[in-house]
Amino acid sequence: MSKFGKGCHLHLIDGSAFIFRAYHALPPLTRKSDGMPIGAVSGFCNMLQRYVDGDHGPDAPTHLAVIFDKGSHTFRNDLYDLYKANREAMPEDLRPQIPLTRQATEAFNIPCKELEGYEADDIIATLACQARKAGGRVTIVSSDKDLMQLVGDGVEMLDAMKNKRIDREGVFEKFGVYPERVVDVQALAGDSVDNVPGAPGIGIKTAALLINEFGDLETLLDRAEEIKQPKRRQTLIEKRDQIELSKKLVQLDCKTPLDFTLDDLELRDPDPDKLLSFLAEMEFRTLSKRIADKLRVEPPVIADTPAPAADEPQAEEIPFDASKYECVRDAAALRKWIDQAQERGWVAVDTETTGLNEMVADLVGISLCIEPGEACYIPLTHRDGASDDLFGSDALAEGQMPLDEALALLKPVLEDPSILKIGQNMKYDAKIFARYGVEVAPIDDTMLMSYAMHAGEHGHGMDTLSERYLGHTPIPIKPLLGSGKSAITFDKVPIDEATAYAAEDADITLRLWKLFKPQLHRVQVTTVYETLERPLVPVLARMEMHGIKVDRDVLSRMSNAFAQKMAALEAEIHELAGETFNVGSPAQLGEILFEKMGLEGGKKGKTGKYSTGADVLEDLATEHELPRKVLDWRQLSKLKSTYTDALQTHINPDTGRVHTSYAITGANTGRLASTDPNLQNIPVRTEEGRRIREAFIAEPGNVLVSLDYSQIELRILAHVADIPALKQAFADGLDIHAMTASEMFDVPLDEMTPEIRRKAKAINFGVIYGISGFGLARNLRIPRAEAQGFIDRYFERFPGIRRYMDDTIAFAKEHGYVQTLFGRKIHTTEINAKGPHAGFARRAAINAPIQGTAADVIRRAMVRMPEAIDGLPAKMLLQVHDELLFEVAEDAVDKTIEIARDVMENAPDPAVKLDVKLTVDAGKGANWAEAH
DNA sequence: GACATCACG
DNA sequence: GACGTACGTGATGTCC
């Protein structure tokens, strides 16, 4: 190491200037994994890197240091306690970044110097003095005018942003004097930023004039009497002490006690590991890559998903304050909100209604939110519950604008294509509005955004999201409505309480939207959200509102028939048992079977009760009469209670149809879930059960048309696991289970038996579900070893399956999620857990991409369907995972099947090119049983 | 409200 | 070596 001296060039970077410049130049970036503010550090690192790599020509550094301030109290405060007293507090999101800029400097292997009780400027001054004395040159990287007093022979400043060097002449331009007199000018002019008093009424121009006239400050003060202007003369005489103090404050200290020498600042190369690990820790992807390329090393892997730490509630900037919410009671007030929505181009909307069933519930009020904390509630049909009057309870409460008037004002906004309507579960609100003649569009939905980003991690209800991402627990609805028999509907809630509750919901929704919207892109699920979630809302809303016609009489007759058969069976069961008991009670049945009758079969379950599931009873039925009869009774009981009875209660009196509701975020895999009632589990597997489908009918002149994907999950498996034999079989249109059986058991196709085919079919499905020897054995009722043998052979014949499973689990373990072919992410939070959880998680991880891809495919078909069948007398009514059910005018059936099949079979285009063709089977009939 | 059971893909 | 085991749902009745 050479001694610092002639030929050396010391560059001194003013760290604080870099930090503030970086902070103000960049948006408030945060670290993805934990939300830590990181913008200033990012800018700082970029500036540092650019400086180090920059071409400085003949001014290239041989020595380099970054100098920071340390401590808020310096010797200048001892001289003058108001020094820098009016400086603004450091921004909250900058404070935690300060220590990181020190770390960053060290990571770049640049000396990082600071000294308690001294400003960076003093250290810079001292080093500059030392360097000059040793015969070297100095460049001070800063544009702070306080440092200009140091410029001189061999010492220059550099404005790194403007890349402009400042020498003696540059200082003269700025101050009107040369560097050695700068402190004199500053002492007179003072500095409002640093709270240096100076001489009142004298600025830089006047100060320079005076100094140039008298030579220096001391001479000027001594000969102040000679000044011609009376005001100036008086000020300089009266404020002499203050001026002299000011000079001490601006004079930099060249004798700062340093515990290092110039030689310690010699330029050195960074340690790639240290630097890159710091950048990775900060999650600076671009900069890491750039530096890694330059250093010719591999860039660090930086996770592209938020770590679990991101789950911690974000600090809310604007507190929730119910008293700030406005209750809108007239058109004038509403117009103001409408104006704001038009100005912004967005508005969060939430409806309050008399119930959860959108087909029945009435609109009670509407809340809007434009910016966090700025929300309103528009009560419309609140009832006056306070009155004891028999008729009074139905009267509208005072102070509400007429429903028609409010809707007339809001309709243009809600339907305006240039105003985005933001909601949490917008399908609900859109359906309510639709019943009032308002077609809400376009929409964004925070529930669906959460689903796209976090499926598998947590639920997507507003309470969950608010607590998790806003750190705020919403006002619960329970205390407002009560529970049980005394529960009231929302229209009976007092308007002031309703305002606090309802407006807050809109407020929360808007805050979530502001948080989620930019995250979609970062988590790379924008396409999923935009193509598979958002556009589904209007499609499903229309299907649900259309409903399906159900013949009440058919159901009613079946219920009666079931009741009779059940009664007969019940009598026989009691006869066989020798006593009467509740056949519907598994606990009582267990007692009868395993204690009174003493049959084989063990206790199970955590509750210590006997298991009496269908598989158990099925085994017992070979030896005894009673279990068979219980099985028959149970089947009838199920059909009656869940279907023939319950379905009747779901027939809408206005439409005569049944309107299910699809939960878009119901299943983690991307499947829909149908509720109230569930029309995705209408019986079909048994003859008696299938007859329930005869009650699902078409209007006169129409038929029901069913189109369903043939073996879609196995086809997707063949594609993703890349199984040539499976692909070929599908291409040839073979019986896929028979083909599998032939491969596995070496049986030619023309000698295939139903029994062998059945086994192969069970294995095919088992594979999709994350097969285990135990599970297959139980399903096929064969010894476990034999089942394991089948699986082993399956993997042997189709090695791609094993590879797919291993790869999928490895991916899940590394990333915490798995993906469908269309990019949908399904999180597997338990995949790295120990214990029984892990087994479930592994099988779920294997299944999710297959089930999820199939779900994506039919979603794509559904989104495209309305336009495809537009103009045809055909309506899409139901989705049952791989089936779409339509109601079609008789003369348009063939055309509809042709078009809908085309849409379904080509649904993956153009996003995904499957190696296996998708095929769709079609059926038609007067009822669902015939159509399927 | 938990649990068992059973309907669907 | 033992343990617990097919994937994804929703609705119903019993029982505490």
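Only heavy atoms go into these numbers, but all of them, side chains included; no hydrogens, no water, no symmetry mates. Keep in mind the model is a prediction, meaning the values are calculated, not measured. The sequence lines fix the lettering, A, B, ..., with proteins before strands; numbering per chain opens at 1.
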Looking at [options], which one has an atom nearest to any side-chain atom of [X]?
X	options	value
S585(A)	dT14(C), dG8(C), dA7(B)	dT14(C)
T642(A)	dG9(B), dA11(C), dC7(C)	dA11(C)
Q851(A)	dG8(C), dC8(B), dT12(C)	dG8(C)
K638(A)	dG10(C), dA6(C), dT5(C)	dG10(C)

Side-chain N or O of [X] closer than 4.0 Å to phosphate OP1/OP2 of [N]:
X	N	result
S637(A)	dG13(C)	no
R685(A)	dA7(B)	no
R843(A)	dA6(C)	no
R778(A)	dA6(C)	yes
Q879(A)	dG9(B)	no

## Note on the structure
Applying the Watson-Crick and G-U criteria (both distances under 3.5 angstrom) with [ ] for crossing and | for other-strand pairs, one obtains for DNA chain C ......|||||||||.
### K640(A) to F562(A), cation-pi by 6.0 Å centre distance and 45° axis angle
no
Does [X] come within less than 4.0 Å of [Y], counting only side-chain N to carboxylate O?
X	Y	result
K596(A)	E579(A)	yes
R634(A)	E618(A)	no
R757(A)	D735(A)	yes
R628(A)	E572(A)	no

#### Entry: Whole angstrom value for the distance that separates C1' of dA7(B) from NE2 of H881(A)
11 Å
### Query
NZ of K609(A) versus P of dA2(B): gap in Å, rounded?
15 Å
